[in-house]
2 protein chains.
Amino acid sequence: MVQKRAAILEVLRNSQGHLQADEIFRRVKQYYPNMVLATVYNNLHALTNDGYIRHIKTATGADFYDKTPTPHEHALCVNCGKLIDADLGDLAAHLRERADIPVLSYDLILHTVCPDCDNGCDQNNT
Amino acid sequence: MVQKRAAILEVLRNSQGHLQADEIFRRVKQYYPNMVLATVYNNLHALTNDGYIRHIKTATGADFYDKTPTPHEHALCVNCGKLIDADLGDLAAHLRERADIPVLSYDLILHTVCPDCDNGCDQNNT
DNA sequence: CCTCCTTTTAGAATTGTTCTAAAAAGAGTA
DNA sequence: TACTCTTTTTAGAACAATTCTAAAAGGAGG
């Protein structure tokens with residue numbers, strides 16, 4: 001059994017959902033203090049390949065890893081930078097139906113204000 | 001009049017559509033041999049801000065610049081790496097209508113096999 | 001204990017982009 | 001032409017997330 005791989009998966013599963021590599025690294029390091037970032041990347045790739053997690057690439061260069069491997073959409077909060085799940089129905093079907101070219105796959109990131117920030121104190125009430 | 005900015009815009013407008021910064025750099029350099037990559041980025045940002053062109057960020061880290069500033073979708077050919085336009089109807093409206101969260105904007109890149117590659121010699125006919 | 005294969009480590013390398021500070025270029029005024 | 005002010009350009013360093021490389025460590029089976 002691969003302990004460190006399991007620990008990385010555990011950390012992700014115990015999180016609210018979507019973490020970046022460096023945050024995973026920081027958390028796993030508490031249990032394995034001499035772990036190195038490359039190990040995190042190694043195992044995240046392996047876990048992604050094996051279908052345990054999902055790798056979400058963003059245009060900002062900071063990728064997220066999702067504990068839920070089944071396909072669904074994501075949104076980035078423009079206020080706090082958190083990645084959250086978005087429900088868009090069967091978007092893949094819609095895209096394949098409407099597109100004038102074959103759609104093998106796609107990368108989509110919505111930009112939103114997440115519920116936490118919307119309820120928060122960042123509204124311009126003077 | 002800003003000559004180099006105009007030259008960069010010209011190069012983009014004379015292209016088939018979507019270029020990366022380093023390709024623009026290579027082309028403009030033929031006319032201004034001592035130009036520097038930072039100047040290309042400076043002017044691409046300025047042209048984007050002024051609405052002349054469009055900046056398309058990809059998850060692969062290699063951004064494209066589009067001579068057509070009006071909103072439309074894009075697809076990346078998995079075979080040749082070219083970025084092409086895609087017609088998906090009014091996707092923005094569809095997303096806003098279906099999403100369970102506010103949609104301020106979005107980044108979408110389809111993955112496809114472009115017509116050129118589809119007609120080409122890369123089909124596995126033995 | 002040996003051998004083989006996988007995982008991990010340490011640190012350098014990569015890549016596209018951004019930043020910084022100094023030099024150069026223009027525009028307007030006298 | 002000379003002076004000032006602002007914008008643009010240059011050169012090269014810095015950055016940040018990720019990937020790579022080669023060596024070391026670990027574990028399983030015989």
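What you see is a predicted model; the values in this text were computed from it and never measured.
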Under 3.5 Å, which protein N or O atoms sit close to an N or O of nucleotides 12-14 of chain C? Give each pair with its distance.
none

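Residues B:Arg27 and B:Ser15 approach most closely at NH1-CB, 3.8 Å, considering heavy atoms.
Take A:Gln20 and apply the side-chain hydrogen bond (donor to acceptor under 3.5 Å, both in side chains) test, not counting sequence neighbours, and it matches no residue.
There is no side-chain donor-acceptor pair under 3.5 Å between B:Thr68 and B:Thr70. A donor and an acceptor atom, one from each side chain of B:Gln3 and B:Tyr32, are located under 3.5 Å apart.
Evaluated for a side-chain contact (heavy atoms from CB on, under 4.5 Å) with B:Leu108, the options A:Leu110, A:Leu108, A:Ile109 yield exactly one hit, A:Leu108.
Of the residues in residues 8-19 of chain A, not one comes within less than 4.0 Å of DNA chain C through any heavy atom.
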Q. In B/S/- notation, 5' to 3', how is nucleotides 9-20 of chain D contacted by protein heavy atoms closer than 4.0 Å?
A. BBBB----SBBB
Less than 3.5 Å apart, which donor and acceptor atoms pair up between the side chains of residues 89-106 of chain B and the rest of the protein, not counting sequence neighbours?
unit_1	atom_1	unit_2	atom_2	d
B:Asp90	OD1	B:Ala93	N	3.2
B:Asp100	OD1	A:Asp87	N	2.9
B:Ser105	OG	A:His111	ND1	2.8
B:Tyr106	OH	B:Glu73	OE2	2.7

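Atom CG of A:Leu83 and atom CD1 of A:Ile56 lie 5.0 Å apart (nearest 0.5 Å). Rounding to the nearest 0.5 angstrom, the gap separating the OG1 atom in A:Thr112 from the CD1 atom in A:Ile84 is 5.5 Å.
Remark: B:Lys57 does not engage B:Asp107 in a salt bridge, criterion side-chain N to carboxylate O under 4.0 Å.
Listed by first and then second residue, the ring pair (Phe, Tyr, Trp, His ring centres under 6.0 Å) pairs involving residues 62-85 of chain B are B:His18-B:His74, B:His55-B:Tyr65, B:His72-B:His74 (not counting sequence neighbours).
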